[in-house]
Number of protein chains: 2
Amino acid sequence: MKNGAKYLAECGLRPSMQRLAIYQYMATHPTHPTADEIFEALKEQIPTLSKTTVYNTLKLFVAHGVVDEVFIDRTSERFDGNTELHAHFLCSNCGAIIDTPIASPETVNSAAPEGVSLAKTQLLYFGTCTKCIENQLNNN
Amino acid sequence: MKNGAKYLAECGLRPSMQRLAIYQYMATHPTHPTADEIFEALKEQIPTLSKTTVYNTLKLFVAHGVVDEVFIDRTSERFDGNTELHAHFLCSNCGAIIDTPIASPETVNSAAPEGVSLAKTQLLYFGTCTKCIENQLNNN
DNA sequence: GTACAATTTTGTAACGATTACAATTTTATT
DNA sequence: AATAAAATTGTAATCGTTACAAAATTGTAC
């Protein structure tokens with residue numbers, strides 16, 4: 001894992017205690033957490049932590065490319081410490097979010113309109129995961 | 001354009017006046033409108049229309065495959081009368097949403113996890129559109 | 001090391017999109 | 001025409017997110 005303080009500094013961000021904690025959390029939890037989940041997880045470690053700080057910090061991280069926002073869940077903003085291009089699958093049944101690699105990024109990006117400046121791509125899948133398919137079969 | 005009443009009936013939906021009006025609006029406005037935009041546009045034509053009805057109807061339409069929800073805008077739900085697979089580009093500068101065809105759907109879908117049941121795919125792009133690129137150049 | 005300025009954090013209040021819910025209206029059925 | 005079922009309506013509530021101003025922390029200059 002990257003050295004948090006160094007990495008944040010490289011990204012132009014002062015590595016405060018709160019920012020470091022949030023960065024560490026993102027780096028060690030590839031679970032696409034929401035701001036609230038991060039807040040709940042860190043408030044024991046940092047009792048004075050404010051939810052506003054978590055929101056502000058994540059917005060700052062997104063602006064500086066430290067994390068990505070994932071648009072797969074409309075009910076709340078989800079964040080991803082892995083900023084490399086990859087796809088996300090959401091199981092409509094159990095809510096699980098599964099990361100998958102994209103074998104051919106060029107092909108995926110090739111559908112973008114001509115002449116635009118492309119900053120980010122998101123490839124999202126929705127359906128039923130294998131576990132839920134099995135469970136549904138067993139319950140019949 | 002499809003016959004609205006017939007099409008809704010085919011989808012298992014009773015073609016009420018409100019539903020027809022919302023369907024017609026979607027069929028004639030490929031602008032990925034929000035529930036509120038549809039409500040504002042239709043309330044002259046149907047003065048008794050309730051915003052709740054628009055929300056309910058759109059949710060029903062999504063459940064019956066009449067329209068799709070597009071996840072490109074986190075601030076509000078956007079809907080698309082075109083349920084064929086295609087990509088969306090959002091200009092972070094002017095907010096324009098551009099539709100583009102996907103030349104190779106198989107390749108785009110091939111990154112989905114193995115064994116899942118895939119119901120929907122969304123390919124989203126974010127960046128700056130050509131108009132905004134030009135404007136930015138001219139203003140320097 | 002102290003004083004001042006800049007940045008960050010915090011808590012509360014506000015906002016806005018969406019949903020819950022119960023009442024009313026419309027439509028279908030007998 | 002009477003009744004039941006379905007759709008619509010309006011209001012209130014919910015919940016994620018943001019605005020804002022005060023407090024705390026950090027960096028800089030002397």
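Throughout, protein chains are lettered first and strands after them, A, B, ... in sequence-line order, and every chain is numbered starting at 1. Side-chain atoms are counted along with the backbone in the values below, which use heavy atoms only and exclude waters and symmetry mates. Here the structure is a predicted model, which means the values were calculated and not measured.
Residue contacts for Asp36(B): at a heavy-atom cut-off of 4.0 Å it reaches no nucleic acid atom on any strand shown. Contact annotation for Thr53(B): base contact, defined as any heavy-atom pair under 4.0 Å involving a base atom. Nucleic acid contact for Thr34(B): none, since no nucleic acid atom lies under 4.0 Å from a heavy atom of the residue. In this structure, Arg74(B) reaches the sugar-phosphate backbone alone: every heavy-atom distance under 4.0 Å involves primed, P, OP1 or OP2 atoms, never a base.
Taking atom CE of Met17(B) as the reference point, atom P of dT27(C) lies 7 Å away to the nearest angstrom. Summarising the geometry, the separation between CD on Glu77(A) and C1' on dC15(D) is reported as 14 Å, rounded to the nearest angstrom. Counting to the nearest Å, the C1' atom of dA17(C) and the CG atom of Asp73(B) are 11 Å from each other. In this structure, OH of Tyr55(B) is placed 7 Å from P of dA17(C), rounded to the nearest angstrom. The CZ atom of Arg78(B) sits 11 Å away from the P atom of dA17(C) (whole-angstrom rounding). As rounded to whole Å, 11 Å separates atom C1' of dT9(D) from atom CZ of Phe39(B). Rounding to whole angstrom units, CZ of residue Arg19(A) and C1' of dT8(C) are separated by 6 Å. The separation between Leu60(A) atom CG and dT10(C) atom P is 14 Å, rounded to whole Å.
Two rings, from Tyr25(B) and Phe79(B), have their centers 6.0 Å or more apart.
No continuous path of hydrophobic side-chain contacts links Ile38(A) to Val70(A) [ILVMFWY only; heavy atoms under 4.5 Å].
You'll find a donor-acceptor pair under 3.5 Å spanning the side chain of Thr52(B) and the base of dT11(D), going by distance alone.
When each of Asn56(B) and Lys59(A) is assigned the nucleotide of DNA chain D with its nearest heavy atom, Asn56(B) is the one assigned upstream, toward the 5' end. Mapped onto DNA chain D by nearest heavy atom, Arg14(B) and Ser50(B) fall at different nucleotides, with Arg14(B) at the one closer to the 5' end.
Contact annotation: Ser16(A) side-chain N/O to dT25(D) OP1/OP2 distance is not under 4.0 Å. Within the structure, every side-chain polar atom (N or O) of Gln18(B) is placed at least 4.0 Å from both OP1 and OP2 of dT26(C).
A donor atom on one side chain and an acceptor atom on the other are found under 3.5 Å apart for Thr75(B) and Asp73(B).
With respect to the salt-bridge test (charged N to carboxylate O, under 4.0 angstrom), the residues Arg78(A) and Glu37(A) qualify. Under the 4.0 Å criterion applied to side-chain N and carboxylate O atoms, Glu69(A) and Lys120(A) are not assigned as salt-bridge partners.
Taking only side-chain atoms of Ser76(A), from C-beta outward, the nucleotide of dG16(D), dT10(C), dT9(D) with the closest atom is dG16(D).
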